[in-house]
Amino acid sequence: DCDREGENIAYEVVEICQAVNNNLNILRAHFSALTKIDITRAIQNLAHPQKCLSDAVEARQEIDLRIGCVFTRFQTVKLQRVFGD
């Protein structure tokens, strides 16, 4: 994946690999389609995963979880008032 989610997945791979061998130089291929031209272009343009993009995904996931929990609780209380237990 070329987006932030893909960057987050790549960084999880980096963390797992570096836990085994901290001296690895890990590069990421960015591609959106499984075509010969896209894969070739991605391999010719490898880059290091970007921690800041991975962190942005982690932050968004945490915010989504917290807001989702609060909204679910709000909805439950409101619907209990309307429809009873």
Side-chain angles (χ1 to χ4, degrees):
D1 256 347
C2 284
D3 61 7
R4 288 181 179 190
E5 298 292 333
E7 204 70 21
N8 187 249
I9 293 166
Y11 216 85
E12 287 180 12
V13 171
V14 168
E15 290 174 344
I16 291 167
C17 292
Q18 287 181 339
V20 175
N21 182 349
N22 197 32
N23 295 321
L24 292 175
N25 183 25
I26 300 169
L27 300 173
R28 179 177 188 270
H30 293 83
F31 55 92
S32 297
L34 296 175
T35 64
K36 183 177 179 180
I37 194 164
D38 284 351
I39 300 295
T40 302
R41 186 177 304 130
I43 291 170
Q44 292 171 346
N45 295 292
L46 297 174
H48 291 281
Q50 297 180 40
K51 178 79 166 112
C52 61
L53 294 178
S54 177
D55 289 345
V57 171
E58 296 287 333
R60 197 212 71 242
Q61 288 174 344
E62 181 70 23
I63 290 168
D64 288 351
L65 177 64
R66 290 176 186 230
I67 289 173
C69 289
V70 169
F71 183 71
T72 299
R73 182 68 185 141
F74 168 77
Q75 237 179 348
T76 301
V77 170
K78 180 134 177 101
L79 290 173
Q80 282 176 341
R81 286 185 189 145
V82 173
F83 297 106
D85 291 326

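- Side-chain contact between Glu5 and Val57 is present, with heavy atoms from C-beta onward closer than 4.5 Å.
- The pair Glu7-Arg28 meets the salt-bridge criterion, with a side-chain N (NZ, NE, NH1 or NH2) lying under 4.0 Å from an Asp/Glu carboxylate O.
- Contact annotation: the side chain of Thr72 approaches that of Thr76 to within less than 4.5 Å [non-hydrogen atoms, C-beta and beyond].
- In this structure, Glu58 does not pair ionically with Arg4, as no charged nitrogen and carboxylate oxygen lie closer than 4.0 Å.
- By the 4.5 Å heavy-atom criterion applied to side chains, Asn23 and Gln18 are not counted as neighbours.
- Here the CZ-CG distance, from Arg60 to Asn8, works out to 8.5 Å after rounding to the nearest 0.5 Å.
- Contact annotation: the side chain of Glu62 approaches that of Arg66 to within less than 4.5 Å [non-hydrogen atoms, C-beta and beyond].
- Side-chain contact between Tyr11 and Lys51: present, with at least one pair of heavy atoms (C-beta onward) separated by less than 4.5 Å.
- For the residue pair Pro49 and Ile26, the shortest heavy atom distance occurs at CD-O, 3.5 Å.
- Linking Ile, Leu, Val, Met, Phe, Trp and Tyr whenever their side-chain heavy atoms come within less than 4.5 Å puts Ile43 and Leu34 in one cluster.
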Practice prompt. Might you work through the side-chain contact (heavy atoms from CB on, under 4.5 Å) test for Leu27 and His48, ending with a clear yes or no?
Written response: CA-CA 5 Å; Leu27 300 173; His48 291 281; 3.4 Å; yes
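- The shortest non-hydrogen separation linking Phe31 to Asp38 is CB-O, 4.0 Å.
- Dense packing is recorded around CG of Leu24, with more than 12 heavy atoms of other residues, nucleotides or ligands lying under 6.0 Å away.
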